[in-house]
Amino acid sequence: MTTFVDRVELHVAAGNGGHGCASVHREKFKPLGGPDGGNGGRGGDVKLVVDQSVTTLIDYHHHPHRKATNGKPGEGGHRSGKEGTDLVLPVPDGTVVMDSRGNVLADLVGHGTTYIAGQGGRGGLGNAALASARRKAPGFALLGEPGQSRDLVLELKTVADVALVGYPSAGKSSLISVLSAAKPKIADYPFTTLVPNLGVVTAGSTVFTVADVPGLIPGASEGRGLGLEFLRHVERCSVLVHVLDTATLESDRDPLSDLDVIEAELRAYGGLEGRPRVVVLNKIDIPDGQELADMVRPDLEARGYRVFEVSAVAHKGLNELSYALAQIVAEARAAQPVQEATRIVIRPKAVDDSGFTVTAEDGFYRVRGEKPERWVRQTDFANDEAVGYLADRLARLGVEEELVKAGAREGDEVVIGDEDDAVVFDWEPSVAAGAEMLGRRGEDHRFDAPRPAAQRRKDRDAERDDALQQFEGFDPFES
């Protein structure tokens, strides 16, 4: 049964925000005590966190669908809903997060590094929070915002200082077993190693990690054998060590041709041209192996390689190799730029940034922006008062002005949001505001029908005037 998985597809869904509550306080002798609906709770986030104790992605291979908890809805009596619990997913050090198209979203290196894979939805406001001087008792509340759902690809790239590469059965597993305390599977048949093995090596004051990458063969960069599946594990390594078999029984192979084949595969994979190379001639404990090593060593040194003759079985040449690798690793670490502490960067929006855009498309106008799209998601379109509140918010934001500038007319189709989750409606511009439209104080001729309160006041004034006229014409002494 597979126990090592280094690439998975993960489907995450953050928690939905809880709906706000529309409630009116009621008690004896106080039937309308004002709005008291609480806010909905925030939905939980989905977080990927690097955990040093995790070495594989197998848990997400068996359970690829993960969802955080939803926020609870608000209740009457100003009681807010409970927030959803964040879902923390531990991942190995060196995990790369990509979207379904292969775009890199995050490179998680270092214990505790966190990436929010899914943002929880906001909770909706209750009618108590929506009350204002103009709207004293709202009969609606805002809906909770849906949580973010995403399809991600997690790819593990081993974090090691040294990578051992070479043909199957070249002795890489034996070498890492004697250089470190790692105990990989060792046998006398090809492709014994099916997963990368990590070992920790101490040479003097330098401590570094060594990765035993499964054997490469011709065509590995194109998918043959196991090479393509595990070539990604050499990308982060500072040093590449070619382990060459000097005692191979195959007549068509020799250390020089093996080196050329592996180098061709590394070039085809790409991104490894500038890494230091070291050549290890393994299995010199065999007489024929020592003779072959003596023959090919001058050619390898002529190519510019540092060559070490070792025997994992007889423990020959291991100290020289360990200290040489430690020196190269120390130089590579010193050459890396000093990592500065993460600083909080605040990027305020431009003064003329309205926060939304209006574009004319084929037969309609599209509105895109964080606020308009969020307001639409939180609106209960079954409630006329909630729809009116949305219209007021859009007008105050300046959406209608931008629609007019874009050439929109009454009855044109307006779309808010993207193609997958958009709201479509026919635009009916609200009444324009302006001092030139106003009449006397307290009057506004923009309304065809007078307001009920004003009409009742005019009716009472007319009745009073009629009564006064009748009273003035009355003579009590007239018979």
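- For the salt bridge (Lys or Arg N to Asp or Glu O under 4.0 Å) condition, the pairs that include at least one residue of residues 39-50, sequence neighbours left out, are R42-D45, R42-E83, R42-D86, K47-D86.
- Scanning for salt bridge (charged side-chain N to carboxylate O under 4.0 Å, His left out) contacts around R368 gives E373, with sequence neighbours left out.
- Not counting sequence neighbours, the partners of H65 by the ring pair (Phe, Tyr, Trp, His ring centres under 6.0 Å) test are H11.
- Residue pairs meeting the salt bridge (Lys or Arg N to Asp or Glu O under 4.0 Å) criterion with at least one member in residues 327-336, sequence neighbours excluded, are D161-R333.
- Here the closest heavy-atom approach between residue P64 and residue E9 is recorded as CB-O, 3.4 Å.
- By the 4.0 Å N-to-carboxylate-O rule, R297 lies close enough to E309 to be salt-bridged with it.
- Inspection of the D254 and S257 side chains reveals an N or O donor paired with an N or O acceptor under 3.5 Å.
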Residues 107-115, side-chain donor-acceptor partners within the protein, below 3.5 Å, at least two apart:
{"residue": "D107", "atom": "OD1", "partner": "R236", "partner atom": "NH1", "Å": "3.4"}
{"residue": "D107", "atom": "OD1", "partner": "R236", "partner atom": "NH2", "Å": "2.6"}
{"residue": "D107", "atom": "OD2", "partner": "R236", "partner atom": "NH1", "Å": "3.3"}
{"residue": "H111", "atom": "ND1", "partner": "Q52", "partner atom": "N", "Å": "3.4"}
{"residue": "T113", "atom": "OG1", "partner": "V109", "partner atom": "O", "Å": "2.9"}
{"residue": "T113", "atom": "OG1", "partner": "G110", "partner atom": "O", "Å": "2.8"}
{"residue": "T114", "atom": "OG1", "partner": "G112", "partner atom": "O", "Å": "3.0"}
{"residue": "Y115", "atom": "OH", "partner": "R150", "partner atom": "NH1", "Å": "3.2"}
{"residue": "Y115", "atom": "OH", "partner": "R150", "partner atom": "NH2", "Å": "3.4"}

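- Heavy atoms from other residues, nucleotides or ligands lying under 6.0 Å from CD of E301 number more than 12.
- Residues passing the side-chain hydrogen bond (donor to acceptor under 3.5 Å, both in side chains) test with E320, sequence neighbours excluded: none.
- Under 3.5 Å, the side chains of E263 and H242 contain a donor-acceptor pair of N or O atoms.
- Considering every non-hydrogen atom in both S322 and A203, the closest pair reads O-CB, 3.7 Å.
- Among residues two or more places apart in sequence or in another chain, the side-chain hydrogen bond (donor to acceptor under 3.5 Å, both in side chains) test is passed with R275 by none.
- With sequence neighbours left out, the ring pair (Phe, Tyr, Trp, His ring centres under 6.0 Å) criterion links F140 to Y389.
- For the atom pair OG of S238 and CD1 of I328, the computed distance is 10.0 Å after rounding to the nearest 0.5 Å.
- Using a 4.0 Å cut-off between charged nitrogen and carboxylate oxygen, E370 and R374 count as a salt-bridge pair.
- By the side-chain hydrogen bond (donor to acceptor under 3.5 Å, both in side chains) test, D258 pairs with R253, sequence neighbours left out.
- Legend: salt bridge (Lys or Arg N to Asp or Glu O under 4.0 Å) pairs involving residues 310-319, not counting sequence neighbours: none detected.
- In the model, S80 has no side-chain atom that pairs as donor or acceptor with a side-chain atom of N39 under 3.5 Å.
- For residues 279-290, the salt bridge (Lys or Arg N to Asp or Glu O under 4.0 Å) pairs, not counting sequence neighbours, are D245-K283.
- Within a 6.0 Å radius of NZ in K82, other residues, nucleotides and ligands contribute 12 heavy atoms or fewer.
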Decide yes or no on salt bridge (charged side-chain N to carboxylate O under 4.0 Å, His left out) for R303 and D260, but give the supporting numbers first. CA-CA 11 Å; R303 297 186 184 186; D260 294 336; 2.8 Å; yes
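- What you find for L397 and F356 is that their closest heavy atoms are O-CE2, 3.5 Å.
- Contact record, V54 with P90: CG2-CB, 3.9 Å, taken as the closest heavy-atom pair.
- Considering every non-hydrogen atom in both A324 and R306, the closest pair reads CB-NH2, 3.6 Å.
- Considering every non-hydrogen atom in both I262 and G166, the closest pair reads CD1-C, 4.2 Å.
- Applying the side-chain hydrogen bond (donor to acceptor under 3.5 Å, both in side chains) test to S53 and every residue at least two apart in sequence or in another chain returns D51.
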